[in-house]
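Nothing here was measured: the structure is a model prediction, and the numbers come from that model. Whatever order the structure lists ligands and atoms in, that order sets their numbers, starting from 1.
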Amino acid sequence: MIIGTAGHVDHGKTTLVKALTGVDTDRLAEEKRRGITIDLGYAYTDEFGFIDVPGHERFVHTMLAGASGIDTALLVVSLPEGVRPQTREHLQILSLLGVDHGVVALTKADVATDRIDVVTAELRALLADTALCNAPLLPVSAVTGQGIEELRMALRQASRPPHDAAGHPRLAVDRAFTLSGAGLVVTGTLVSGRIAVEDRLLLSPSGLEVRVRGLHAQNRPAQQAIAGQRVALNIAGPRLSKDVVTRGDWVLHPDVHAPTAALDVRLRLLPDARPLRQDSQVHLHLAAAHVMARVSLLDRDRLEPGASALVRLTLAQPIGALARDRVVLRDTGATATIGGGVVLDPFPPRRGRRKPDRLAQLSALDTPDPTRALGALLDVPPGFTDQAGFLRAWNLVDAGAVLTAASCIAAGTLLFSPQTFTHLRGEVLTALTACHRRSPELPGLQPERLRLALPDRPPAAGFAGLIEVLLRDGSIAQDGPWLRMPGHKISLSPQDEKLWATARPLIAAERFRPPRTRDLAATLRVPETAIRATLKRLQRMGQVIEVAPDHFFLRETVAEMAHLAAEVAAAGELTAATFRDRMDNGRKVAIQILEFFDRAGLTRRQGDLRTVRAERLGLFGEGEGPR
Ligand SMILES: Nc1nc2c(ncn2[C@@H]2O[C@H](COP(=O)(O)OP(=O)(O)OP(=O)(O)O)[C@@H](O)[C@H]2O)c(=O)[nH]1
Ligand SMILES: [Mg+2]
């Protein structure tokens, strides 16, 4: 159990921790000299771990780093002074962080017993609307020892239920130092999962590799630490040193290493804050991290005190953050805490942040339960989500249970709601059927063309998954790169069929110098555009080949000419002249054919000479030797 102190400067937090543990947590010379706490202090007993925070208003950011890792609050209020500004602000921070277990110590009882009633009344009023409204209030004195035992008992009872150790490990680093003999040590609160000696983890956001050489859990050597404990890790890794670790970093499992510079958050503004305008600059605190951020209000243009809104926080630099992490915001000058909230989406899309669909998605994500979040998310457009992104955001290790409970369909990289899946499947089948009706001569559609043809165009990655499923269950079929309906066979439309029946004999008659489209059109008395379109479709079916613009040859003729070229080359030299002589079709056409062969990679030209690449002779079909 980790207890964090809270309260105004000089109210006796550090003295009280010493009375409870025997440890003086003010270690720094400057702390001794000035008589105030500056940095976080740590003290342990057999049953408790204490984080002692500074009360001075200049060090609220440090208090925030400490308070983000605690279970239970020890709010300290001095009887002579009563409630003061940082009593309020620390209490607000505890409430924004969701710390709902705690005890209030009324300190310096030895000098101000007469103030107990007044201060108690003041505090009861202050706590009334908070999660700590029923916290015990105990007068204590570190000088006489009065109330210290009672306080210990009360802390024991205030402890919250043990943490769920599910999820990948994430340790919020609040300190790094080198220990002679051991090397680099980082300390912090393990907010999820477990860490064991020899684990291989990452430092985030830097991404440096980390090996756990040894660890302490709650200040004791251990083989393993679990969520909720304060942990010290002795770590090693290439390029790792004290200088590359800062307060606010994470040591975590590679699967949850995903630095982000944008967070979509449900933000609550404190009742005594000033109204928040678009694009306000704020200090953002998340776990032990502290960065500047800009607030874009998503569902309104101005946020009133005491109200809550959906906001996009754009950070000055990337940090590690996941769904349900708490954020606390302070004003531009860091003079006051103004509000806080819960991360709904740590990896939000760049575009469309204020669109109604997007706001509906964020509302869907506004629940602590990942199964409910997923179910609700898939119920709003577009009805699917990126599987890896969702699992990472929610730090789900074994996702099976959640996916089953949310009854979604995993296809490729996406998770679909059953309705969306059925709908998209319908769109695919409709699009393919329409394509076959429109262009019976086509084998089908290539996947990307099909995707772009869908009214609800799903992203490429997820579409691939959808197609995989449809192929597997036989709803559609595939020939090479073409997707088609299972029953589809390529054929010509009746009009094409008719035209081809008259055109083919003309092309076959003069097979080495067939008529061009213009001549065919004139002979057959049809528009040139019509004959050209039909021949293009026949080309896609593999019946003809457009050797030069508007000059179509039968495919088998091209295959025959390829073999003739090889023959000519084998007999002597393959040039425009020798090839023309062999085919008896004129120099211009012979050159066009050879240039076509060059482009197709059948022949290679050096000056006037050409060589034939024998391995490419099959390029235009099999079994078509010279007649
Ligand atoms: N008489 C009396 N004095 C106390 C008691 N507890 C603390 N003090 C004195 O109050 C002063 C401040 O105590 P600290 O424990 O440093 O206060 P703090 O809350 O830790 O201060 P910051 O960390 O700077 O916010 C010191 O001079 C203490 O000796 C107490 O129970 N009785
Ligand atoms: Mg102190």
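- At least one donor-acceptor pair under 3.5 Å links the side chain of His90 to the backbone N or O of Gly7.
- Arg354 places a side-chain N or O within 3.5 Å of a backbone atom of Leu298 that can act as its donor or acceptor partner.
- Residues Glu81 and His8 have side chains that never bring a donor and an acceptor to within less than 3.5 angstrom of each other.
- Using cut-offs of 30° and 60° for the angle between ring planes, the His283 and His285 rings count as parallel.
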What are the polar N/O contacts of ligand 1 with the protein below 3.5 Å, with distances?
from	atom 1	to	atom 2	distance (Å)
ligand 1	1 (N)	Asp110	OD2	3.0
ligand 1	10 (O)	Lys108	NZ	2.9
ligand 1	13 (O)	Thr15	OG1	3.4
ligand 1	15 (O)	Thr14	N	3.3
ligand 1	15 (O)	Thr15	N	2.8
ligand 1	15 (O)	Thr15	OG1	2.5
ligand 1	17 (O)	Gly12	N	3.1
ligand 1	19 (O)	His11	N	3.3
ligand 1	19 (O)	Gly12	N	2.9
ligand 1	19 (O)	Lys13	N	2.8
ligand 1	19 (O)	Lys13	NZ	2.8
ligand 1	20 (O)	Lys13	N	3.4
ligand 1	20 (O)	Thr14	N	2.9
ligand 1	20 (O)	Thr14	OG1	2.8
ligand 1	21 (O)	Asp10	N	3.0
ligand 1	23 (O)	Thr37	N	3.4
ligand 1	23 (O)	Thr37	OG1	2.6
ligand 1	24 (O)	Thr37	N	2.9
ligand 1	25 (O)	Asp10	N	3.4
ligand 1	25 (O)	Lys13	NZ	2.8
ligand 1	25 (O)	Gly55	N	2.8
ligand 1	31 (O)	Lys108	N	3.4
ligand 1	31 (O)	Ala142	N	2.8
ligand 1	32 (N)	Asp110	OD1	2.9

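- Taking the six-membered ring where tryptophan is involved, the planes of His61 and Phe59 are perpendicular, since the angle between them exceeds 60° and thus also 30°.
- Formation of a donor-acceptor pair under 3.5 Å by the Arg324 side chain with backbone atoms of Asp369 is not found in this model.
- Checking each of Val251, Ile195, Leu252 against Arg170 for a side chain to side chain contact (heavy atoms under 4.5 Å, CB included) leaves exactly one that passes, namely Leu252.
- Protein N/O/S atoms nearer than 2.8 Å to the Mg ion (ligand 2) total 2.
- No side-chain donor-acceptor contact under 3.5 Å links Asp199 to the backbone of Leu201.
- Panel note: side chain Gln229, backbone Ile226; a donor-acceptor pair is recorded below 3.5 Å.
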